[in-house]
Amino acid sequence: MSSLFYFRGFFARRAGGLLLALFLSVVTLLAGVALLGTSGWFITATALTPAGMAFNLFGPSSLVRGFSFVRILARYGERLTGHNATLALLSDLRVWTFSRMIPLAGSRLRRLRGGDVVSRVTGDVEALDTVFLYAIAPIATVLLAGGLVVATTWIVLPAAALILAGTATAAALVVPALVIAASRKPGGNLVAAASDMRTAILDSIEGQADLLAFSGIAAAKARFGSTTARMGRAKAGQVRISATGTAIVQALAGLCLLGQLWVGLGALEAATISGPVLAGILLGSLAVFEATGPIMRGAGRLGAASAAARRLKDLAGSEPDIRDRAAPVPLQETGAITFDRVTFGYDPKRPVLRDFSLRIMPGERVAIVGPSGAGKSTILNLLLRLDDVQAGAVRFGGCDIRDAAQADLHARIAWLSQETPVFLGTIRDNLRIGGARADETAMRHALEEARLGDFIASLPRGLDTWIGEAGMTLSAGQARRLCLARALLRPAPVLVLDEPTSGLDSDTEEAFLSDLAGVARGRTMILVTHARLKPGMVQRVIAPFAGETGAT
Ligand SMILES: Nc1ncnc2c1ncn2[C@@H]1O[C@H](COP(=O)(O)OP(=O)(O)OP(=O)(O)O)[C@@H](O)[C@H]1O
C-alpha cells in the first residue's frame, strides 16, 4: 500500500472533484437509507392502522418520492463528478508517467520490453486511477453515512445501533482489509500477465513477417495462449476472493438484521418503540449494507492497483541515471569534441571502450570505422550523453559534457541513429521534428540532399503525404532517407550520422557519400559507416579498434 501512498499528490490535486463525488455518494446512500426506512415505517404503520381510522397518507408518500428523487439526482451527480475527476486524474498520471519515462531512455528503459512499457503507461495507470472511485469512495461512504445512521438509530434503540455499528464496520473495513491482503498475490500476477500479453501482441505484430517466414506462428500462439491462461487464472483467483468477501458481507447483513430483530422485538414487547419504527430501523440498516457491494469489487481491485503503483513507481518514480547539475555550464556554440581516456561498458565489468581517446576539430569531417559490435555506436551514444562514462571524460569545446545541460548539448548535435524511427504523421510532421521552424524550401532542400526529392515530388500530396505506423507506406531505404533529411534539417554545428546509407542501393550510397562535404556545409561531421569510402568523402578515417589509418 505504501506504493499507492506515493501517488497521493495526484489525488490531492483533484481533491475538489473527488470530495464532491464522495459527498454526493454519501447523500445517495443516506437518501437510500431514508427511502427504505420511511417506506418500512409507512407500510407497517398503514398495515397496523385499524380499519376506519384516519391515516395521513400524503406526508409519508411525498417523503418517499422526495427521497427517491434526491437519490436519483445525487447518484447522477456522483457518477458525473466522480468520473470527471477520475478521467482528469488518468490524464495527469499518464502525462506524468510519460514525461518521467523519457529521460530514462538511456538506461533503465532499455532494459524493458516495449509491451511492458506500454502496459505501464496504459494498464497500470488505469488500475491506479480507479482506486478512488471503486475502493476509497465506497469505503468512506459506508463509514460516513453508516455513522450517521448509527447515530440516528442510537436515539431510538441504542442496542440496534451497536449491532449495526459492529457489523457495518466489519463489512466496510475488516472484510475488505482481508480481501486486499488475500488478493495482493493474484492482483500482482494479473498485472504482470497483462504486461506479458501486451508484449506478446506487440512482438507478434512487429515480427509478423518473420514469424510467417520461419513458421513461428504456432509458437507465438502458444506464448499468447499461456499468457492469457495465466491472466485467466489470476483473474479467477481475484474473483474467488472477492466473491468470498461478498458472501461474508451478506452474512454480516443477515446477522445485523437478526440481531436488530432480536433486540427490537424485546423493545416492542416493552413498548419502548413502535412496530413501524422497528420496521424503519431494519430496512434502513439493510440499505447501509447495500453500499458494501461496491466495496468488495473495489477491494479486489486494490491488490492490482497496489501492484500497478509499485511498477509505475519503479519505472517513473526514480530519478534518471543521467541528470543535469544544479548549475550547468553554458556550452560554446561550437568547439572540438574530445574523448579523454574514456572507459565505458554497458556492464561496467565488461568495458566496450577502454582508455579511449579521440579529438575531432570543429568543421572536421571524420568517419569512424571498425568491425560490427566493436563500439562505434557506443562512442556516439556517449557523445550525446545517453550514458555516462565510467572513467575519463567527453568534452565539447573543452567543457566536460557532464557539466553542461543536456538540452544545451543536444541543441548542438544533429543525430541520425541506427534505429531512428519514422513517426506516425505526414512527411512534413516528420521533418519538423528535425527543424521546427524549417520552411517548405528548407524541407525540400533537405529531401534533395537525402536523395528523396524525386520520390516526394511524385506523391500527389507531396509533403503532406500521410505515412503510417513506423513508416509503413515507405520502403526501408526511403524511411531511412526521410530520417536523414530530418537530421540534416536540424541547425546544429555537429552532424552525427550512424550508418546513414543503410538501405540505399550501392550507386545511391556512393553518390550520397560523395555529396557529404556539401551536405555538412562547414559543420563538424562524424560518420559511422561500413561503406567503402573513396578519397575526399571525409577528411579522416578513424579506426579506434585497430589504430588510426590517417587522412584519405
Ligand atoms: N544497450 C546495450 N546494452 C548492453 N550492451 C550493449 C548495448 N548496446 C550495445 N551493446 C554492446 O556493446 C558492444 C558495442 O556495441 P555498438 O552498438 O557500439 O557496436 P557497433 O560497433 O556500433 O556495431 P555495429 O557496427 O554492428 O552497429 C556490443 O558488444 C554490443 O553487444
Side-chain angles (χ1 to χ4, degrees), residues 19-45 59-60 62-75 77-78 82 135-177 245-246 248-268 272-299:
L19 287 176
L20 182 60
L22 179 61
F23 169 73
L24 289 169
S25 165
V26 171
V27 172
T28 309
L29 182 58
L30 284 178
V33 170
L35 177 67
L36 267 184
T38 315
S39 308
W41 170 82
F42 178 39
I43 293 163
T44 319
S62 49
L63 269 181
V64 167
R65 274 189 210 153
F67 287 137
S68 83
F69 199 59
V70 169
R71 188 165 180 255
I72 292 167
L73 282 182
R75 161 75 33 99
E78 180 250 322
I136 299 170
I139 292 176
T141 303
V142 171
L143 292 180
L144 288 172
L148 270 174
V149 178
V150 166
T152 319
T153 313
W154 182 269
I155 300 167
V156 193
L157 192 61
L162 282 179
I163 291 168
L164 175 62
T167 47
T169 307
L173 285 182
V174 181
V175 181
T246 308
I248 297 174
V249 167
Q250 292 296 330
L252 282 167
L255 216 62
C256 172
L257 213 62
L258 278 177
Q260 287 189 330
L261 205 57
W262 181 266
V263 296
L265 287 175
L268 198 64
T272 327
I273 57 165
S274 66
V277 171
L278 177 59
I281 290 175
L282 293 175
L283 287 181
S285 299
L286 262 191
V288 172
F289 278 91
E290 225 176 61
T292 52
I295 295 184
M296 279 307 110
R297 287 194 290 277

Rounded to the nearest 0.5 Å, what separation is found between the [atom1] atom of [X] and the [atom2] atom of [Y]?
{"X": "Leu144", "Y": "Leu29", "atom1": "CG", "atom2": "CG", "answer": "10.0 Å"}
{"X": "Thr38", "Y": "Leu283", "atom1": "OG1", "atom2": "CG", "answer": "10.0 Å"}
{"X": "Phe67", "Y": "Ser62", "atom1": "CZ", "atom2": "OG", "answer": "9.5 Å"}
{"X": "Leu19", "Y": "Leu24", "atom1": "CG", "atom2": "CG", "answer": "11.0 Å"}
{"X": "Leu162", "Y": "Thr167", "atom1": "CG", "atom2": "OG1", "answer": "10.5 Å"}
{"X": "Thr246", "Y": "Ile295", "atom1": "OG1", "atom2": "CD1", "answer": "10.5 Å"}

Side-chain heavy-atom pair Leu164, Ile281 within 4.5 angstrom cut-off: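 No - every pair of side-chain heavy atoms lies 4.5 Å or more apart.
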
Taking every non-hydrogen atom, the tightest pair across [X] and [Y]:
{"X": "Leu22", "Y": "Ala137", "result": "CD1-O, 3.7 Å"}
{"X": "Gly40", "Y": "Ala279", "result": "O-CB, 3.6 Å"}
{"X": "Gly146", "Y": "Val288", "result": "CA-CG1, 4.3 Å"}
{"X": "Leu268", "Y": "Ser274", "result": "CD1-C, 3.4 Å"}
{"X": "Arg71", "Y": "Leu35", "result": "CD-CD2, 4.3 Å"}
{"X": "Leu157", "Y": "Ile273", "result": "CD2-CD1, 4.0 Å"}

Verdict with supporting geometry, Leu173 and Leu143, side chain to side chain contact (heavy atoms under 4.5 Å, CB included): CA-CA 9 Å; Leu173 285 182; Leu143 292 180; 3.9 Å; yes

For residues 253-264, which side-chain N or O atoms pair as donor and acceptor with protein atoms under 3.5 Å away, sequence neighbours left out?
residue: Gln260; atom: OE1; partner: Ser285; partner atom: OG; Å: 3.0
residue: Gln260; atom: NE2; partner: Ala160; partner atom: O; Å: 3.0
residue: Gln260; atom: NE2; partner: Ser285; partner atom: OG; Å: 3.0

Ser25 side chain vs Ala21 backbone, donor-acceptor pair below 3.5 Å: no

Where at least one partner belongs to residues 141-167, residue pairs that pass salt bridge (charged side-chain N to carboxylate O under 4.0 Å, His left out), sequence neighbours excluded: none

Evaluation steps, side chain to side chain contact (heavy atoms under 4.5 Å, CB included), between Phe23 and Thr28: CA-CA 9 Å; Phe23 169 73; Thr28 309; over 6 Å; no

Pairwise side chain to side chain donor-acceptor pair (under 3.5 Å) hits with a residue in residues 149-158, at least two apart: none

